[in-house]
Amino acid sequence: MARSLIGSILVRRLPDGELLTGRIVETEAYEAGDPSSHAFRGPTARNRSMFARHLHAYVYFIYGTAFCLNISSEGDGVGAAVLIRALEPLQGLDAMRARRGAAIADRDLARGPGRLCSAFAIDRSLDGSDLETDEELWLAAGESPANIGESVRIGLTKAVERLHRFYVRGSRFVSGPRSLSP
DNA sequence: CAGAGGATCGGCT
DNA sequence: GCCGATCCTCTGG
């Protein structure tokens, strides 16, 4: 699912009705039994959305500064999700810039999991949303790119060797060190 | 109840 | 490239 989400469109409807859209260009998989996954030790108040049926949002707060968006990926009761790590902004760039900063370049608006949540006004209030029925956050079909790269995941201390990060090869909207996204 | 650590970011060198 | 900010969550006693 982490691979197949590359190229899909994330859509956010703001409280004022404005639509923000972005193309998913980078994801990471956190599968069942993965020691680096928040779900590894079982369900808690924070991570329970990871155990929801597929296509539910799991949003968490990290380092006291940033939110991160995941999409649950398995059946009811199985803790697994895909972290959305970067978007190519398509629609609503001015509204994103209003949240991220007036001088932020297009490429930096949603490059990184915390930045994309800031740009798209995603926080814990959207945790648990069903993306198949929700009116504030959902997915739309997009073209799957021809060339999808894969690498180790970013920022982990456990299970660092797994090749569970996927990205659009050649896209300047992908986060992380260049050495990981050749 | 205290303490440690984290799927990050931005600023500075 | 390195470092600190900042606070929520989970763990262990």
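Below, chains carry the letters A, B, ... as their sequence lines are ordered, and counting in each starts from 1.
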Original post:
Under 4.0 Å between a Lys/Arg side-chain N and an Asp/Glu carboxylate O for E136(A) and R12(A)?
Top reply: yes
Original post:
When you measure from the side chain of Y58(A), which nucleotide among dA7(B), dC10(C), dG6(B) comes out closest?
Top reply: dA7(B)
**OP:** For the residue pair S175(A) and R111(A), confirm or rule out a side-chain donor-acceptor distance under 3.5 Å.
**Re:** no
**OP:** Using the closest heavy atom to pick a nucleotide of DNA chain C for each, name whichever of P177(A) or A45(A) lands nearer the 5' end.
**Re:** P177(A)
**OP:** For S36(A), answer base if it contacts any base atom (sugar-phosphate contacts may also be present), sugar-phosphate if it contacts only those atoms, and nothing otherwise; contact means non-hydrogen atoms under 4.0 Å.
**Re:** base
Subject >> Residue F61(A), side-chain heavy atoms: nucleotide from dA7(B), dC8(C), dT6(C) that is nearest >> reply: dC8(C)
**OP:** When you get a sec, tell me which of dT9(C), dG6(B), dA7(B) is the closest nucleotide to the side chain of R46(A)?
**Re:** dT9(C)
Subject >> Whole-Å distance separating the CD atom of E161(A) from the P atom of dA7(B) >> reply: 15 Å
Original post:
With a 4.0 Å cut-off, would you call R107(A) and E88(A) a salt bridge?
Top reply: no
**OP:** Answer yes or no: side-chain N or O of Y60(A) and base N or O of dA7(B) forming a donor-acceptor pair under 3.5 Å.
**Re:** yes
Original post:
Could you give the CG-to-C1' distance, from L69(A) to dT8(B), as a whole number of Å?
Top reply: 15 Å
Original post:
Does any donor atom in the side chain of E31(A) or H164(A) lie under 3.5 Å from an acceptor atom in the other side chain?
Top reply: yes
Subject >> Side-chain donor/acceptor of R153(A) to backbone N/O of A29(A), under 3.5 Å >> reply: yes
Subject >> Under-4.0 Å side-chain N/O to phosphate OP1/OP2 contact, T65(A) with dG10(B) >> reply: no
Subject >> Between P of dC9(B) and CD1 of I154(A), the distance in whole Å >> reply: 9 Å
Original post:
What is the distance, rounded to the nearest whole Å, between atom CZ of R124(A) and atom P of dC8(C)?
Top reply: 11 Å
Original post:
At their closest point, which heavy atom of P35(A) faces which heavy atom of A159(A), and how far apart are they?
Top reply: CG-CB, 4.0 Å
**OP:** Give the rounded distance in Å between these two atoms: CG of D123(A) and P of dT6(C).
**Re:** 20 Å
Original post:
What is the distance from NE2 of H38(A) to C1' of dT11(C), rounded to the nearest Å?
Top reply: 15 Å
Subject >> Between P of dT8(B) and OH of Y63(A), the distance in whole Å >> reply: 6 Å
**OP:** Provide, to the nearest angstrom, the distance between the CZ atom belonging to R162(A) and the C1' atom belonging to dA7(B).
**Re:** 14 Å
Original post:
Which of residues 98-118 of chain A sit near DNA chain B, with a heavy atom under 4.0 Å from it?
Top reply: R100(A), G112(A), P113(A), G114(A), R115(A)
Subject >> G-U wobble or Watson-Crick pairing nucleotide for dG11(B) (cut-off 3.5 Å, both distances) >> reply: dC2(C)
Subject >> Pairing residues for F67(A) by the ring-ring contact (aromatic ring centres under 6.0 Å, His included) criterion, not counting sequence neighbours >> reply: F61(A)
